[in-house]
Number of protein chains: 4
Amino acid sequence: MGQRGRKKGANGERSRSLLLAIAADEFAHKGFSDTKISTIVKRANLSQPTFYLYFESKESVFQELIQLFRSKLFDLTKSSRLEPGIDLTSVPERISQVLAAIFHFFKENPNLTRIGLFVGEEAEDIKKQLSKQIMDNLISEQENGYFHLVLT
Amino acid sequence: MGQRGRKKGANGERSRSLLLAIAADEFAHKGFSDTKISTIVKRANLSQPTFYLYFESKESVFQELIQLFRSKLFDLTKSSRLEPGIDLTSVPERISQVLAAIFHFFKENPNLTRIGLFVGEEAEDIKKQLSKQIMDNLISEQENGYFHLVLT
Amino acid sequence: MGQRGRKKGANGERSRSLLLAIAADEFAHKGFSDTKISTIVKRANLSQPTFYLYFESKESVFQELIQLFRSKLFDLTKSSRLEPGIDLTSVPERISQVLAAIFHFFKENPNLTRIGLFVGEEAEDIKKQLSKQIMDNLISEQENGYFHLVLT
Amino acid sequence: MGQRGRKKGANGERSRSLLLAIAADEFAHKGFSDTKISTIVKRANLSQPTFYLYFESKESVFQELIQLFRSKLFDLTKSSRLEPGIDLTSVPERISQVLAAIFHFFKENPNLTRIGLFVGEEAEDIKKQLSKQIMDNLISEQENGYFHLVLT
DNA sequence: CATGAATGAGACTTCATTCAT
DNA sequence: CATGAATGAAGTCTCATTCAT
């Protein structure tokens, strides 16, 4: 039997994430209103009630995805905050690393990104908040003397 | 009867364009699926059957708007085709005039533009076709020796 | 043609009151949860969407019926308020008239009464308010010297 | 193994009566249709399949409760049947004892009583049967010469 | 030219109930 | 003894569209 000890209940989480992934895909490609629960569950080979076993409503899955995008993304930018006393020569490199990480994240999570940046009503908010956080990082870096911002 | 001579057809056309304009606004701001006929006619102070007096279906109004955008826009770019033998010194000015005309058109027709470039499923097609036509113009101009393209 | 001038739109109100009456009957006999919109419209020879043409939701028809009961009933008790200077000998007769009117109303509107007094969640409230109003009337009558209350 | 001798069947019966009691409470307070199996098992800290381990269906628990009410109640009234040759002076007392027992039963079993007398579709039947049995008792007592019924 | 009235089709959601472990 | 997971059936509600006047 070895490493196949899981059995009972093991598929609950699997079903949930399957549904979540398919939902992300549908929302990303068709928008909220054109995404049908019936399509999601059909693609997951499950029945409609199963969807409601794991999510409260269509709206709530959508919100969950938006939140997921927000938290993953802001974790990324937050981790980029530079600390005083750092080796000055490494600063530009770190900045570019963060931007690279962001674009890498976008590329690795295209559905989530589409939803977060283009589909949701909060899209504008998210973009603003993202810009602000990046800006703040840059500014705090600037204040720490790492470099000078030149606005044009 | 005297001053009641105007009438037949007059209000018909008025209602039609009113509906079309409101539809454009709704489609532009809410997308296809979230646009409801009931909202359109309410805003126009008309009834639902009246809508079907002028349009075959929701889909068909949408297509009509897409067509309108396409034709207006391509008329614009077509009219910019330069003819051989033109005064060479006026070329840069004409090119900038065309681009200005396009952006002016975008600004003057925000709803149509949103629909044509972002809402419709044909959006990608339209953008490609638009780029191509502009490119073609530039190239034909280039071939006519007006200038040299430098791709970077 | 004579007195049959009504035609267009005349049946809207008819459909509405038909649905309302049937709804009252169903709610009275089966309670809120066991009353199905599908049954109501079937009995009215109408389709489900028609129901929503006239009512916002199942809940809202129910509330409308409760309100109807309340207002009709309280109109009845309100109209019973005795005014000072009335012929004293007529007081007992008027009181009994009001009670008779109430019971007559109950008998004439059995569905509404069942809903108002037994089905709705507000039933207890309504009963209390009804008692209070009757009491108030009696007391004001008593204060006006029409008679003396003897509580036992 | 020692002190783990009690077990098999013990918890089973415990779960069963727990579910039955909660079901009674829910049915009594919300009626049949608004009572959900999911609520019952949640309150019992059990799962839905467990419910079906002990009962065949929602309907069947309901019927079981109705039967329970009926049998308990009719046991009560049956035990009140007076036998010929009894001491005549004790008759009124015994009658009042039976009525007291009935009302005591109602008070001690409020949920069952609500279900039996007000919720179930058989409510009317039960009430009739109850009246009849009480009546029969009275009549048989009357026939036995214990007293004379005076209907007004 | 216009509308009041009505509806078929289909979406989201809930619930009693079962399967497999 | 008990449960995690799943579902058929049915209910409420919405929307594009049509009929008859």
Side-chain angles (χ1 to χ4, degrees), chain A residues 6-16 33-39 41 44-59, chain B residues 7-16 33-41 45-59 61, chain C residues 7-16 33-41 45-59, chain D residues 7-16 33-41 45-61:
Chain A
R6 58 154 177 81
K7 267 288 165 61
K8 200 165 75 164
N11 285 48
E13 208 48 50
R14 209 199 295 296
S15 292
R16 189 183 204 279
S33 294
D34 287 347
T35 290
K36 317 288 181 196
I37 307 293
S38 62
T39 304
V41 298
N45 262 106
L46 288 170
S47 70
Q48 295 223 30
T50 300
F51 178 91
Y52 292 92
L53 206 59
Y54 299 111
F55 307 99
E56 230 176 58
S57 65
K58 180 182 172 182
E59 177 70 30
Chain B
K7 269 298 156 64
K8 271 197 277 188
N11 269 357
E13 206 46 49
R14 205 200 300 291
S15 292
R16 189 181 204 281
S33 292
D34 288 346
T35 291
K36 329 268 190 224
I37 305 294
S38 64
T39 304
I40 294 174
V41 297
N45 264 105
L46 288 170
S47 69
Q48 303 215 22
T50 300
F51 178 91
Y52 290 90
L53 211 58
Y54 298 113
F55 307 99
E56 221 176 70
S57 67
K58 181 183 173 181
E59 177 69 30
V61 211
Chain C
K7 268 288 165 59
K8 201 165 76 165
N11 284 48
E13 207 48 51
R14 207 197 299 293
S15 292
R16 189 184 203 279
S33 294
D34 288 346
T35 292
K36 317 287 181 200
I37 307 293
S38 61
T39 305
I40 295 175
V41 298
N45 262 106
L46 288 170
S47 69
Q48 294 222 30
T50 300
F51 178 90
Y52 293 92
L53 206 57
Y54 298 112
F55 307 98
E56 230 176 58
S57 66
K58 180 181 172 181
E59 177 70 30
Chain D
K7 269 298 156 65
K8 271 197 274 186
N11 268 356
E13 206 46 50
R14 204 198 300 293
S15 292
R16 189 182 205 281
S33 293
D34 289 346
T35 291
K36 329 268 190 224
I37 305 295
S38 64
T39 303
I40 294 174
V41 297
N45 265 104
L46 288 170
S47 69
Q48 302 215 22
T50 300
F51 177 92
Y52 290 91
L53 211 58
Y54 298 113
F55 307 99
E56 220 177 71
S57 67
K58 181 182 173 182
E59 177 68 30
S60 81
V61 212

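Proteins get letters first, then strands, A, B, ... in listed order; numbering begins at 1 in each. Reckoned from all heavy atoms, side chains included, excluding hydrogens, waters and symmetry mates. On a predicted model such as this, the values are computed, not experimentally measured, just so you know.
When each of B/E59 and C/I37 is assigned the nucleotide of DNA chain F with its nearest heavy atom, C/I37 is the one assigned upstream, toward the 5' end. Looking at which nucleotide of DNA chain F each of C/Y52 and B/S38 is closest to, the 5′-most match is held by C/Y52.
Note on A/L53: a base of the nucleic acid sits closer than 4.0 angstrom, heavy atoms only. Counting non-hydrogen atoms under 4.0 angstrom, D/T35 reaches the backbone sugars and phosphates but no base. Residue-level contact check: B/Y54 touches the backbone only, with heavy atoms under 4.0 Å from sugar-phosphate atoms and none from bases.
Atom NZ in B/K58 sits about 8 Å away from atom C1' in F/dC15, given to the nearest Å. Taking atom CZ on D/R16 and atom C1' on F/dA2, their separation rounds to 16 Å, with Å as the unit. Here F/dT7 presents its P atom at 14 Å from CZ of A/F51, a figure rounded to the nearest Å. For the pair C/Q48 CD and E/dA9 C1', the interatomic distance rounds to 12 Å; values are reported in whole Å. Put simply, CD on D/E56 is 10 Å from P on E/dT17, counting in whole angstrom units. Look at CG on D/L46: it is 14 Å from C1' on F/dG4, rounded to the nearest Å.
For F/dA6, the OP1/OP2 oxygens have a side-chain nitrogen or oxygen of A/S15 closer than 4.0 Å. Between B/S47 and E/dT3, a side-chain N or O to OP1/OP2 separation shorter than 4.0 Å is present. Phosphate proximity of E/dA11 to A/K36: absent, as no side-chain N or O sits under 4.0 Å from OP1 or OP2. Note on C/T50: every side-chain N or O is 4.0 Å or more away from OP1 and OP2 of E/dA5.
The partner of E/dA20 is F/dT3, judged by Watson-Crick or G-U wobble contacts that both fall below 3.5 Å. Pair check for E/dA9 finds F/dT14; Watson-Crick or G-U wobble, both atom distances under 3.5 Å.
The structure places OG1 of C/T50 at 11.0 Å from CG of C/N45, a figure rounded to the nearest 0.5 Å.
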